[in-house]
2 protein chains.
Amino acid sequence: MSPQAQQNERVELERHGVRATRQRIAVLRALAAEPNDATAQEIYAWLAQRGEAIGLATVYRTLALLNSNGVVDALAHRPGELCYRLCGEGHHHHLVCGECHRVVELDDCDLDEWLKRLAVEHKFAISAHTVEVTGICADCR
Amino acid sequence: MSPQAQQNERVELERHGVRATRQRIAVLRALAAEPNDATAQEIYAWLAQRGEAIGLATVYRTLALLNSNGVVDALAHRPGELCYRLCGEGHHHHLVCGECHRVVELDDCDLDEWLKRLAVEHKFAISAHTVEVTGICADCR
DNA sequence: ATAATTGCAAAGCGTTTGCACCCTG
DNA sequence: CAGGGTGCAAACGCTTTGCAATTAT
């Protein structure tokens with residue numbers, strides 16, 4: 001990878017007040033290369049295969065850090081493991097293909113009105129909501 | 001527990017083509033006693049505390065079985081563990097209090113129109129969707 | 001310089017499984 | 001009585017952690 005390309009990841013990390021290390025830049029690159037979501041183990045394997053010297057624990061620590069800084073999304077489609085993916089700005093949900101695991105990022109969320117109604121009806125202060133839509137994409141049919 | 005009370009659980013199990021054993025009846029009773037959701041471990045502890053002789057593995061096996069037979073819902077609010085709860089009939093979503101983990105079952109789902117639009121727009125055959133709304137309930141505020 | 005980050009290996013966690021025994025139907 | 005169900009303990013897979021060595025600012 002060119003020093004030029006690394007520059008993007010470095011800036012992204014520093015923008016979030018995170019120290020730019022070789023390993024963190026590598027994880028960010030792996031995420032950028034993956035159009036869908038990936039588990040920590042998959043990212044580790046991807047990097048190892050390309051000769052990146054990085055420990056599995058570091059991958060986990062980095063993903064947790066990036067997630068808490070809002071750089072990556074953590075999806076829990078299956079119990080017992082988390083999937084991560086670079087997230088766009090703002091609030092959004094995902095449409096996942098059950099066959100090939102392709103993920104489409106949805107940018108519109110029509111739920112606000114419904115949520116407001118729920119808040120009143122059940123006397124909840126609603127802080128968050130997740131939506132995950134599953135189906136089969138055109139290519140898998 | 002009275003033999004009378006056991007009868008309800010027995011019928012419920014047999015209705016789903018599941019053999020009624022002492023342990024399965026006990027798990028069903030534990031679920032019925034829990035207004036919110038519970039993990040396998042919590043159900044095991046609840047039963048053990050009441051002197052029910054049951055193995056942890058059996059609790060896991062029973063919950064998996066009941067889930068695949070549509071008797072219980074499995075929610076994954078937290079990574080690495082599943083929560084189970086008796087589910088009402090039909091399609092519904094949950095409103096969960098992040099503080100006390102109280103769960104409110106929502107019976108209206110206004111998403112159908114939105115989903116239809118997504119299906120067309122992204123050429124997906126949509127098979128399922130999950131929604132989970134998190135907030136703080138009135139009692140915890 | 002020095003405080004943060006890393007790697008390794010060990011521990012932790014919830015969950016699953018193999019197998020001999022037991023019970024339901 | 002036959003086949004499914006159970007208990008135990010060991011195995012599992014993913015994730016986290018302790019600690020000494022390394023690295024970024």
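Just so we're on the same page: letters track the sequence lines, and every chain starts at 1.
- Rounded to whole angstrom, the span from the OH atom of B:Tyr84 across to the C1' atom of C:dG14 amounts to 11 Å.
- In this structure a side-chain-to-backbone donor-acceptor pair under 3.5 Å is missing from A:Gln49 to A:Trp46.
- Atoms CG (A:Leu65) and P (C:dA4) sit 13 Å apart, rounded to a whole Å.
- Using a 4.0 Å cut-off between a side-chain N of Lys or Arg and a carboxylate O of Asp or Glu, B:Arg102 and B:Asp139 qualify as a salt bridge.
- Of the side-chain N and O atoms in B:Tyr60, none sit less than 4.0 angstrom from OP1 or OP2 of C:dT16.
- In this structure, B:Ile136 and A:Phe124 have side chains that are not in contact, with every pair of non-hydrogen atoms separated by 4.5 Å or more.
- Rounded to whole Å, the distance from CD on A:Glu81 to P on C:dG14 is 17 Å.
- Among the heavy atoms of the strands lying under 4.0 Å from A:Gln23 are primed sugar atoms or P, OP1, OP2 only; no base atom is included.
- In this structure, A:Leu47 places its CG atom 15 Å from C1' of C:dT6, rounding to the nearest Å.
- No hydrogens or angles considered: nothing links the side chains of A:Tyr84 and A:Glu34 as a donor-acceptor pair under 3.5 Å.
- If you measure from atom CZ of B:Arg24 to atom C1' of C:dT24, you get 10 Å, rounded to the nearest angstrom.
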Within the sub-3.5 Å range, which N or O atoms of nucleotides 23-25 of chain D have a protein N or O partner, and how far apart are they?
unit_1 : atom_1 : unit_2  : atom_2 : d
D:dT25 : OP1    : A:Ala20 : N      : 3.4

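- When B:Thr62, B:Leu66, B:Asn69 are each tested for a side chain to side chain contact (heavy atoms under 4.5 Å, CB included) with B:Leu13, only one passes: B:Leu66.
- A tilted orientation is assigned to the rings of B:His93 and B:His129, their planes being inclined by 30° to 60°.
- Under the 3.5 Å distance criterion, the side-chain polar atoms of A:Glu14 are left unmatched by any main-chain donor or acceptor of A:Val11.
- Counting non-hydrogen atoms under 4.0 angstrom, A:Ala53 reaches the backbone sugars and phosphates but no base.
- We find that CG of B:Leu13 is positioned 19 Å from P of C:dC23, with the value rounded to whole Å.
- B:Glu52 pairs in a salt bridge (charged side-chain N to carboxylate O under 4.0 Å, His left out) with only one of the listed residues (B:Arg29, B:Arg24, B:Arg22), which is B:Arg22.
- Rounded to whole angstrom, the span from the CD1 atom of B:Ile25 across to the P atom of C:dC23 amounts to 15 Å.
- Taking a cutoff of 4.0 Å between a charged side-chain nitrogen and a carboxylate oxygen, A:Glu113 and A:Lys116 do not qualify as a salt bridge.
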Find every protein N or O atom lying less than 3.5 Å from an N or O atom of nucleotides 8-10 of chain D, and list the pairs.
none

